[in-house]
2 protein chains.
Amino acid sequence: MELVWLVPVAGFMGVVFALWLAWDVLRRDTGTDAMRDVASMIFEGAMAFLRRQYQTIAILAVVTGILITIIVGSVSEGVKDITLNPAGQVAYGERVVGHWREGLLTGIAFLAGAAASALSGFIGMYIAVRSNARCASAATRSLKEAITVSLRGGAVSGFLVVSLSLLGVSGIFLTYSRLLGNPASITPFLIVGFGFGASFVALFAQLGGGIYTKAADVGADLVGKVEAGIPEDDPRNAAVVADLVGDNVGDCAGRGADLFESMSAENIGAMILGVVIYTMTGKIEWIMFPLVLRSFGIIATIVGLTSVPFFTRDDGRQNPMAPLNAGYYIVSILSVVGLFIATKVMLSDVWYWFFGCGLIGIATGIAFVYITQYYTSGSWRPVQEIARASRTGPATNIIIGTAVGYETTAATAITIGLALVISFVLGSHADIAGVPGFSSGVFGTAVATMGMLMSAAYILSMDTFGPITDNAGGITEMAGAPESARHITDSLDAVGNTTKALTKGYAVASAGLAAFLLFSAYLDKVKERLDIPLTQGLPIDLSNVDVFVGGLLGVMLVFLFSSLAIRAVGNTASTIIEEVRRQFREDPGIMAGTSRPDYGRAVDITARAALRQMVAPGLLAVGMPVAVGLIFRFTRTEDSGWLAVAGLLMIGTIGGIIVATFLNNVGGAWDNAKKYIEAGKLTVETANPGETIVLGKGSDAHKAAVVGDTVGDPFKDTAGPSLHVLVKLLSTVTLVMAPLFIS
Amino acid sequence: MELVWLVPVAGFMGVVFALWLAWDVLRRDTGTDAMRDVASMIFEGAMAFLRRQYQTIAILAVVTGILITIIVGSVSEGVKDITLNPAGQVAYGERVVGHWREGLLTGIAFLAGAAASALSGFIGMYIAVRSNARCASAATRSLKEAITVSLRGGAVSGFLVVSLSLLGVSGIFLTYSRLLGNPASITPFLIVGFGFGASFVALFAQLGGGIYTKAADVGADLVGKVEAGIPEDDPRNAAVVADLVGDNVGDCAGRGADLFESMSAENIGAMILGVVIYTMTGKIEWIMFPLVLRSFGIIATIVGLTSVPFFTRDDGRQNPMAPLNAGYYIVSILSVVGLFIATKVMLSDVWYWFFGCGLIGIATGIAFVYITQYYTSGSWRPVQEIARASRTGPATNIIIGTAVGYETTAATAITIGLALVISFVLGSHADIAGVPGFSSGVFGTAVATMGMLMSAAYILSMDTFGPITDNAGGITEMAGAPESARHITDSLDAVGNTTKALTKGYAVASAGLAAFLLFSAYLDKVKERLDIPLTQGLPIDLSNVDVFVGGLLGVMLVFLFSSLAIRAVGNTASTIIEEVRRQFREDPGIMAGTSRPDYGRAVDITARAALRQMVAPGLLAVGMPVAVGLIFRFTRTEDSGWLAVAGLLMIGTIGGIIVATFLNNVGGAWDNAKKYIEAGKLTVETANPGETIVLGKGSDAHKAAVVGDTVGDPFKDTAGPSLHVLVKLLSTVTLVMAPLFIS
């Protein structure tokens, strides 16, 4: 049990560090009265949305938790001990957990995961909406201070999410194994409910927040900029506060819950894969390893984040991305050191194979940072190609944007494919006391995933940085702060766009790497139910009609889910547009600037509409795998249920990764193509040879680019991020519900 | 060998019927001098394009054919006889074909398939461009005559394609088995090159034609309607002839080659699946059955097509779709009769199971006719939803269009999934002399596929009907024919849009049904190489890292290929736009209507650009499966090569079906949303309650819908149809290249 003491230490270090950051941010100056006024409206709107959203989610979660308890309790046959049989196979012993007890433990784990996920989302957003005015105020003084405030505000969320997930998973593991006396080898199977609970809440948080934020954004733009001809963030637009609220509920609360569940589900999946090696070797380290690796990650991230101010120059010429990148490299280097210590100390004499796997994971994270930047930043060919296509109007902007977006899937698929194959091969070379190559190979992909996630707190901090600076920009605009402050928040906002795109690339990559380990965890669960030794292969035969049709339905689920999410934004946006129009019509004083629009009502109406729209896609995601499993189980052969679900899970995951990559990247690229034109970088030759004119803001090319940007909004901020969660939810729902699909 | 005599009879009946139709069309009046003038420009442009395109394709095909001969000849170990071993398994006997002989036979089959596919495309287009002026002339007299001319012109293509495929496959089967003395059981494996050749040419024909047609369409619209403000098909627009040429080279030549290869590849795949049952039972009928079923299909279609005029009323109130639908029902009913006879006579005492499978296939075809209409016709919710979203501009038009397009994948996936499972289950119930359930089950899906394809000639006739009427409309416009004629061609054009959409739905459905049988054929080929009895299962394990990564790369291939195809349209369109601008600039007389633009130069420039752009996606499609197979074979374990290819093939097929469905349907829906608005059906409430105004042609909503329509063009006419071909090409290329992937 060497190094395991690090888990609580790092967990509490993370929490204490987050509290210190929060104290540091909250003690700062909150700016002028006008700033405080706007900030308090945002705060109230965000809290009101979250309250309402959490009520809905709580009801759904409690009902689901009870259903899980009943379903698992009634259809399962309980859990058998996992032992080494005389043939040297990992097989099963006595039944050690009764079926009702299993149902109850799973249900409780589900609710614990759901609660922790909700808490992560709440805290992250609470600090973010408390940081925005402070960032705006700091921006009136210096860039360096503004960066510090926004990054620290974001880091509160980052550290709490990561630490809560670590403490939550290790706490429930400890409770179920030590306190309740379950064998360590079966405990990972008992706590899968925690991962399901986390992804359940994450799905609704990301969907609801994502629908809200983009409906408010699209609605505010269409009714303000396009219809009424007033600038962005203009206080006369009743939807403008809703728009600022949206940044918080979508990007902070949603993404916080998303990464919380990523880490929890993947951690538990990795522990399940460690069970085989633990049983063969008797060394509990193989189960605890993922927790320890994450602990090193937290420590590395604390150092890296603290170092950022040292790289920040306040001469106004530095790209704010530079110190953030420097900090990320520090985190990566320290992660390698931590990985070295953890593998060397815990994984006996085959440590170097898994050290290699972890390196692959860390390298994959770095690769995605560059891939995402290449495809979504204005410095390279893809975005420039879209900007040029805007010269012939919105249609060619969309056509070329789609072509670029589809193209981005190639780099993603090749990188994930390489990382998977290499880490699998490295892991399968590790020769551990009779453990079959495929078990240690899959464990290798788990180590790669955990290695990549070591920097999660840093990535998440940069992500939450985005909405804080975005809000700060809105506050300076609405509060009439000096031009220089707006200039600073604008430059931070541009960086925030990049960091938000990076986080999504990172989330997709981790989902891709994790797919394999989560799928293997599902198979281990099926083997356990079918009494097949865990060391024996269980082929999921693609040429089996159930698997194939399950896969077809899985890819279809990805598209149907995206359809519902995208349409939800459209529907909610029309609600807010009608409300703003109504306010303009009924009170002409608003347009004249003499009376103040009813921001609260716009916030409220959007919230209600978004929450209504979130239910259908959410239930589809949870319900469809279960429905497919049940239908195939009862209409086809004995094994058809779990086979069809396996196909749905695995091929749906592939589809989800590819489509999410497209949606995220095309949205980012359209956004930055518009910014590229606004920066005056798009030129066209005139009839006189050699003479060129700039097609800048207000040109037809710019209008075309705005169309692309608007189309990309629900792609990149609603459907895309929700798909990451969907992919992982598929894994956790099938893991927990597996007994239902097996005759 | 009962009923096999029907194959040559039906094949020649089809050819003779097509010749009669061609004679009937060609003897008709070719209209006014002006019409003939325009028609001859289209004819010359189309022929020039085809000549140039076929030169490129011929070079690529000959090189590929030689490569195939060399590769198969040098890496294969020859073909062993397939026999029944004493254990009652279908296993292997003596080597009966040497490896160089196998390479040569495969290469020759490839070239034969390529040549027949090219011939189909050529003839279809030749008659279509000869029919357009005759249809325009007929439209000056009556609707009934116009329908007759265009449908008969289209049917020439339909019947020749289907008959040539039937005669080609049966001819090469006969040559290789009877003339060259190869055993009947291995001949299906020797003729797979025919399918590969057919899909190879189809891919380039569809890509080149698809790029050309949409580049000309988009280019002509952008430079004419948008920039110069002149109407569609205005003779002052130099791109207008290129646009009319495009309809022929894309829709006739491309789709003809597409369906030729569908039928050929699926027919050969079905024959391969019949090998197992033939070997167990000794009855050659199991191999010949697909050919006989198609023969009945041709006869049924001849009757159905001849019946259309009986349902046509010439009172101007009939929807021209009605008689076409009536004819389709006649074909379906006669197909059921043919299916009954063929199964009853040929498939011994288990015939009723396969009769059920065939019924499923026929029903699937009918279901897709309705699904496609629901999603792409203005009479239902989806298109109306897009039209309404156009009121808030192009961005919401695109957003809601995308949501609708993604939604359409659900009906497709569920229908294909149901058809596959049911036909598999029915087939596996057939108890045939020890044939394992999965072999007869897969044969069941093959019968369903062949059942569906019985109506292929009818569907293809309706498809080619589209470009003929579209061209006729352009000719009446450019030749200044009376308004009444234009009215008739417009109504036929609208029907043509529907029938074109139907064909694509039909092609996707057949690709989905066929996926399973073609995949099984690939596995049979792998088994043959690995000396595994054909009656033994060969699981393709999804939890194997090679299969999973292969699948990830397969879905990625679908997106990357679509990206290249869509971008190719954009690039080619800018070429034609620049050419038209240059002509306007250099000769002001064109705009004034005093001088005639240089149509030929525009046609020529577009052709050259399109053909350049077709090469990259084409080579990607052929090269990537081979590259993946080789890389995995040589860098991983012994079995990794063929396993990764299996994953790529199967999961790539799922991705391809879903993405093609999206691209086809969203394009059709955007097109018809625009037409819905043009028909004056979109209204908006004014400030006065109860009062509504129509947002018709020229309104902002209409402009927004035009953006959607333009975006949809390369989706539905370039990338989507090319993806059908890609999916089937994946099957044929992996079938032929299988020896390369096996150590």
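Proteins get letters first, then strands, A, B, ... in listed order; numbering begins at 1 in each. These numbers come from a predicted model, not from an experiment.
For A:Leu560, the parts sitting under 4.5 Å from any heavy atom of chain B are the backbone and the side chain alike. For A:Thr710, the parts lying under 4.5 angstrom from a heavy atom of chain B are both the backbone and the side chain. Heavy atoms of B:Pro394 lying under 4.5 Å from chain A belong to its backbone as well as its side chain. Looking at A:Leu552, both its backbone and its side chain come within 4.5 Å of chain B, counting heavy atoms on both sides. Residue A:Thr409 touches chain B through both its backbone and its side chain, counting heavy-atom pairs closer than 4.5 Å. For chain B, the nearby part of A:Ala515 is the side chain; its heavy atoms alone come within less than 4.5 Å. Using a 4.5 Å cut-off between heavy atoms, A:Phe561 does not touch chain B at all. Of the atoms belonging to A:Leu538, it is backbone heavy atoms, and not side-chain ones, that fall under 4.5 Å from chain B. In this structure, no portion of B:Arg391 lies under 4.5 Å from any heavy atom of chain A. With a 4.5 angstrom heavy-atom cutoff, A:Arg388 does not touch chain B via any of its atoms. Proximity to chain B (any heavy atom under 4.5 Å) is restricted, for A:Val547, to the side chain, taken from C-beta onward. In this structure, chain A has heavy atoms under 4.5 Å from both the backbone and the side chain of B:Ser543. Proximity to chain B is limited to the side chain of A:Phe519, based on heavy atoms less than 4.5 angstrom apart. Looking at A:Leu420, the atoms closer than 4.5 Å to chain B (heavy atoms on both sides) sit in the backbone and in the side chain alike. Heavy-atom distances place both the backbone and the side chain of B:Ile399 under 4.5 Å from chain A. For A:Ile658, the part sitting under 4.5 Å from any heavy atom of chain B is the side chain, from C-beta outward, and nothing else. Only the backbone of A:Asn544 comes within less than 4.5 Å of a heavy atom of chain B; no side-chain atom from C-beta onward does.
Contact detail for B:Ala573 and B:Ala215: the closest heavy-atom pair is N-CB, 3.6 Å.
Using modelled atom types and a 3.5 Å distance limit, the side chains of B:Thr572 and B:Thr575 yield no donor-acceptor pair.
Side-chain contact check for B:Met650 versus B:Ile540: every heavy-atom pair is 4.5 Å or farther apart. For the pair B:Leu723 and B:Leu663, the minimum side-chain heavy-atom distance is below 4.5 Å. Residues A:Val666 and A:Thr408 are not in side-chain contact: their nearest non-hydrogen atoms beyond the backbone lie 4.5 Å or more apart. The shortest side-chain heavy-atom distance between B:Tyr522 and B:Val526 falls under the 4.5 Å cut-off. With a 4.5 Å cut-off on side-chain heavy atoms, A:Trp642 and A:Phe632 do not count as touching. B:Leu648 is listed as a side-chain neighbour of B:Met624, based on a closest heavy-atom distance under 4.5 Å.
Using cut-offs of 30° and 60° for the angle between ring planes, the B:Phe516 and A:Phe548 rings count as tilted.
Considering only heavy-atom pairs separated by less than 4.5 Å from chain B, the leading option among A:Asn397, A:Val659, A:Val706, A:Thr402 is A:Thr402. Ranked by heavy-atom pairs shorter than 4.5 Å toward chain A, the options B:Val545, B:Ile566, B:Ile657 are led by B:Val545. Interface summary for chain A: among B:Ile577, B:Val549, B:Leu564, the most heavy-atom pairs under 4.5 angstrom belong to B:Val549. Between chain B and the options A:Leu523, A:Val555, A:Asn571, A:Ile398, heavy-atom pairs under 4.5 Å are most frequent for A:Ile398. Of the residues considered (B:Val223, B:Leu542, B:Thr412), B:Leu542 shows the highest number of contacts with chain A, using heavy-atom pairs under 4.5 Å. Between chain A and the options B:Ala395, B:Gly441, B:Gly512, the largest number of non-hydrogen pairs under 4.5 Å is found for B:Ala395. When each of B:Val404, B:Thr392, B:Asp541 is scored by its heavy-atom pairs under 4.5 Å with chain A, the top score falls to B:Asp541. Among the candidates B:Ile400, B:Thr661, B:Val421, B:Val558, the residue making the largest number of heavy-atom pairs closer than 4.5 Å to chain A is B:Val421.
Formation of a donor-acceptor pair under 3.5 Å by the B:Ser440 side chain with backbone atoms of B:Gly427 is found in this model. Without hydrogens or angle criteria, A:Ser390 side chain to A:Ala704 main chain gives no donor-acceptor distance under 3.5 Å. Under the 3.5 Å distance criterion, the side-chain polar atoms of A:Trp670 are left unmatched by any main-chain donor or acceptor of A:Val707.
The distance from atom CD of B:Glu407 to atom CE of A:Met556, rounded to the nearest 0.5 Å, is 11.0 Å.
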Is there a side chain to side chain contact (heavy atoms under 4.5 Å, CB included) between A:Leu222 and B:Thr396? Walk through the geometry before answering. CA-CA 10 Å; A:Leu222 284 178; B:Thr396 40; 4.0 Å; yes

